[in-house]
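What follows is one structure encoded as structure tokens, with my remarks underneath.
So you know, we letter chains A, B, ... as the sequences are listed, proteins then strands, and number each from 1.
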There are 2 protein chains.
Amino acid sequence: MLKKANSDLVRRQNRGLFLETLRQHGPLARITLGHKTGLSPASITSISAQLIDEGLVYSVGEDEAAAAQLRRGRPLTRLALNPRATNVLAVSISVDSIELVFADFSGATHAPVKLRMDTYDIPKEEFGPRVAHEIKANARKLGIELISISRIGIAVQGVADTITGEISWSPAFRARDIPVVKPLERILGIPCSIGNNANMIAEALIAADRKKYSGNTAVVFLGHGVGLGLILNGVVYGGANGRAGEFGHMNHLPDGPLCRCGRHGCLEAFSADYGIVRMANSGQTHDFDVHAAVRDEDMRGLEQAAEAGDAIAINAFNRAGEVLGFGIARLIALINPQQVVLAGPGTRAYGLMKDSIWEALRRGLVHDLRKYVEFEVVPYGKDMITTGTLVETLRHLDRDVFATGQKSAIVEFAGRKIA
Amino acid sequence: MLKKANSDLVRRQNRGLFLETLRQHGPLARITLGHKTGLSPASITSISAQLIDEGLVYSVGEDEAAAAQLRRGRPLTRLALNPRATNVLAVSISVDSIELVFADFSGATHAPVKLRMDTYDIPKEEFGPRVAHEIKANARKLGIELISISRIGIAVQGVADTITGEISWSPAFRARDIPVVKPLERILGIPCSIGNNANMIAEALIAADRKKYSGNTAVVFLGHGVGLGLILNGVVYGGANGRAGEFGHMNHLPDGPLCRCGRHGCLEAFSADYGIVRMANSGQTHDFDVHAAVRDEDMRGLEQAAEAGDAIAINAFNRAGEVLGFGIARLIALINPQQVVLAGPGTRAYGLMKDSIWEALRRGLVHDLRKYVEFEVVPYGKDMITTGTLVETLRHLDRDVFATGQKSAIVEFAGRKIA
DNA sequence: TGATTTATTTTAGCGTCCAAAAAAATGTTG
DNA sequence: CAACATTTTTTTGGACGCTAAAATAAATCA
């Protein structure tokens with residue numbers, strides 16, 4: 001159903017568009033903003049005057065390069081997002097550590113702060129307060145006032161319930177349903193949201209190449225687990241309560257090998273690192289501890305063995321690829337994406353799995369569907385998760401907080417204005 | 001990325017909202033329209049004056065029931081969609097027949113016209129012209145001028161490419177990539193669109209109970225094949241080119257039994273009618289002709305046998321349910337819908353499959369995901385497909401054609417105006 | 001008949017956009 | 001160096017659509 005439209009909507013949408021355009025392209029002259037947004041010069045003047053008055057945007061000098069090459073006419077003055085307008089924070093939770101990345105409104109980040117934390121055995125009600133404490137301490141260390149932080153985005157591997165703000169299940173915790181958003185909001189007084197790693201990587205991809213990834217794209221994350229971020233109609237899709245994309249726990253083979261989730265035959269039990277290691281050590285299938293984290297050097301060793309021709313190792317990667325291929329085939333049959341992107345540290349072994357992935361796609365997917373899908377492997381950067389989290393958080397500010405142009409939003413979230 | 005907003009957008013959106021509200025609730029007084037849409041009485045007066053002038057809406061008398069119970073004050077005058085504003089047509093294509101349902105702008109339908117047509121062996125370039133011919137002939141028979149038809153919606157079982165407007169693959173045709181939209185548009189001069197049956201059923205469900213189905217719902221269609229309509233964020237999701245929801249050809253078991261699509265182990269090969277029949281006649285697995293249509297009476301016979309305790313028949317339905325259950329488990333893991341709805345003639349045998357469906361869900365899906373999903377079986381009406389097609393077609397008119405309020409749209413599509 | 005009630009229309013004004021004109025700020029040229 | 005050319009930005013004047021409030025319409029009530 002459509003929603004009522006009025007001038008309020010127009011203002012919000014165009015201010016949001018203005019901010020998003022600046023965020024995407026960096027400092028731009030008013031005239032360029034007009035071209036990119038489709039708004040008239042008059043409107044750009046009007047909107048920018050407001051945003052400057054509110055301290056969200058400010059004038060920076062003419063572009064050096066542009067100024068160098070002599071051109072006639074009035075020189076352009078570029079506008080930029082004001083870094084001092086506000087701050088945000090991305091929190092990435094993984095096994096035994098959390099990472100904090102503070103950024104200003106322009107998206108410039110401070111150096112990541114990595115903190116050891118014994119997540120696995122922490123009592124569930126202590127986790128939120130511990131994180132809140134670390135946030136306070138580290139913000140102080142960096143000279144960032146708490147009140148200047150408008151929003152905190154949190155990323156976690158596993159199942160995050162976006163509605164309740166709890167971590168339903170994650171390999172980083174023994175406990176379930178760990179409250180995160182509520183305690184942080186209560187203690188810090190800052191709006192928070194939570195999502196899973198794969199969705200954040202999808203956000204990072206969209207930000208990196210909007211054109212390419214903004215249709216329907218499935219981002220498969222290979223690592224300690226197997227995750228999935230779905231971009232549907234250009235937007236990251238979360239499902240009814242953020243639980244979409246549990247690709248790793250999509251069943252592959254009824255009654256197959258044990259998975260970390262306690263069920264049998266999940267895709268992850270074949271294709272995540274521990275599934276591959278187990279397959280390679282097939283003698284000890286039964287007493288294999290699925291919960292033990294696979295060390296990076298062990299995984300690299302196995303990859304090297306496979307590359308050196310070790311039949312058992314090769315077979316383990318083949319099997320992982322085959323199951324992954326069938327999973328992707330099922331995914332494509334359901335979602336019909338334009339693109340499937342493989343990401344995560346597990347893609348290091350893509351060369352070892354490639355053939356079996358494609359063989360499985362051939363066996364498991366009608367040609368009509370297969371022929372339309374582009375397949376891609378992206379190099380994995382550790383910072384993709386926090387980058388994506390920041391992108392998502394800042395977009396929320398652009399669209400839903402600062403775009404409204406209501407004084408309350410500015411005062412409440414921005415904390416200060418620039419003269 | 002956001003899009004530019006201006007008063008044009010406001011007009012379109014509010015006119016669309018006005019029309020959709022009338023379509024959903026039937027004749028309404030201006031004051032009620034105001035409450036339902038959130039628009040002010042002044043705006044309602046203004047918009048309705050325009051729509052009346054354009055012949056899209058007209059005044060009907062006061063509601064009898066409301067008039068009967070004496071009330072003070074100026075009596076309300078109700079507005080309704082003008083049936084004579086334009087006409088639309090739904091075309092449903094199935095094996096060996098096509099069905100035409102003409103409707104006016106208010107959604108009132110003529111009696112369905114069912115036409116035998118040997119679809120399976122028709123040369124692919126003849127199909128479009130044949131359908132066009134039937135449309136012309138039957139419109140004339142019903143006294144409907146061709147020029148009064150604004151839009152034609154087409155539904156087909158199988159894979160319809162919404163971009164090219166071709167039937168990529170369907171059990172109703174031996175050929176592939178049968179052009180439909182283009183020839184119809186060329187011959188009739190009327191805008192057309194095509195989609196698959198399951199999506200149309202999803203549309204019909206949304207129309208029947210907007211509140212219930214407008215979040216994230218998966219509609220599984222059981223019949224000669226197994227289809228899927230996905231409602232994501234309240235909108236039917238088509239995928240990159242309308243091929244989403246190929247649930248029936250989602251692989252269940254690598255190298256399993258032969259499917260109509262030519263691959264092995266698709267879900268449909270177990271759970272569609274022919275899969276069940278084959279399983280029951282397991283002696284002749286190898287020379288079973290998957291392309292032969294299963295007759296309704298045979299299917300009913302098998303159901304009765306199972307209900308009477310025939311072990312072989314019971315086993316066939318159990319197996320169908322098990323595979324369906326695993327498929328639904330995979331679907332839920334990927335999509336995280338609020339609801340899963342079973343529809344189609346195959347649901348007659350739901351009682352025979354229920355236990356095995358649920359057992360498979362238990363085995364194939366983590367509890368965290370299972371516990372949030374509501375499960376529902378809806379009685380199947382043969383008209384759901386054409387109803388859904390009409391709903392979709394009329395909504396397109398409401399939102400994208402008549403909402404613009406441009407004279408060209410009115411003249412071009414409506415054909416005539418009412419005094 | 002006049003008061004009351006309810007629905008609808010009219011009026012006056014507001015916010016946003018935009019085309020066109022004006023202004024600003026620089027380079028070019030005779 | 002003054003007039004002209006060019007380009008960016010601002011200002012002006014108006015359009016469009018929404019809305020609150022006032023006015024009007026059309027009924028019932030007493």
Measure [atom1]/[X] against [atom2]/[N] and give the value in whole Å, please.
| X | N | atom1 | atom2 | result |
| --- | --- | --- | --- | --- |
| B/His35 | D/dT19 | NE2 | C1' | 14 Å |
| B/Asp8 | C/dA19 | CG | P | 12 Å |
| A/Leu9 | C/dC17 | CG | P | 11 Å |
| A/Ile47 | C/dC17 | CD1 | C1' | 9 Å |
| B/Arg12 | D/dC18 | CZ | P | 13 Å |
| A/Gln50 | C/dG15 | CD | P | 11 Å |
| A/Lys3 | D/dC18 | NZ | C1' | 15 Å |
| B/Asn6 | C/dA19 | CG | P | 10 Å |

Check the phosphate of [N] against [X], side-chain N and O only, distance under 4.0 Å to OP1 or OP2. Yes or no?
| X | N | answer |
| --- | --- | --- |
| B/Thr45 | C/dT9 | yes |
| B/Lys4 | C/dT16 | no |
| B/Ser43 | D/dT19 | yes |
| B/Arg30 | C/dT9 | yes |
| B/Ser46 | D/dG17 | no |
| A/Arg74 | C/dG27 | no |
| A/Asn14 | C/dT16 | no |
| B/Arg11 | D/dG17 | yes |

Quick one: on DNA chain C, does B/Ala42 or A/Ser7 contact a more 5' nucleotide (nearest heavy atom)?
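Upstream on the strand: B/Ala42.
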Identify, between A/Gly73 and B/Ala5, the residue whose nearest nucleotide on DNA chain C lies closer to the 5' end.
B/Ala5
Checking all strands, does A/Pro41 fall into the base, sugar-phosphate, or nothing category for heavy-atom contacts under 4.0 angstrom?
base
Heavy atoms under 4.0 Å, any strand shown: does A/Leu39 hit a base, just sugar-phosphate, or nothing?
sugar-phosphate
Distance-only donor-acceptor test, A/Arg72 side-chain atoms vs C/dT28 base atoms, 3.5 Å:
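For A/Arg72, whose side chain was compared with the base of C/dT28, there is no donor-acceptor pair (under 3.5 Å).
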[atom1]/[X] to [atom2]/[Y] distance, rounded to the nearest 0.5 angstrom?
| X | Y | atom1 | atom2 | result |
| --- | --- | --- | --- | --- |
| B/Tyr213 | B/Glu203 | OH | CD | 14.0 Å |
| B/Phe18 | B/Leu33 | CZ | CG | 5.0 Å |
| B/Asp400 | B/Thr404 | CG | OG1 | 9.0 Å |

Do A/Arg30 and A/Thr77 have side-chain N/O donor and acceptor atoms under 3.5 Å apart?
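Yes - a donor-acceptor pair under 3.5 Å links their side chains.
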For the residue pair A/Tyr237 and B/Tyr237, is the inter-centroid distance of their aromatic rings smaller than 6.0 Å?
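Centroid distance A/Tyr237-B/Tyr237: not below 6.0 Å, so no.
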Kindly determine whether B/Arg395 and B/Asp398 satisfy salt bridge (Lys or Arg N to Asp or Glu O under 4.0 Å), including the steps that lead there.
CA-CA 5 Å; B/Arg395 186 183 48 229; B/Asp398 290 343; over 6 Å; no
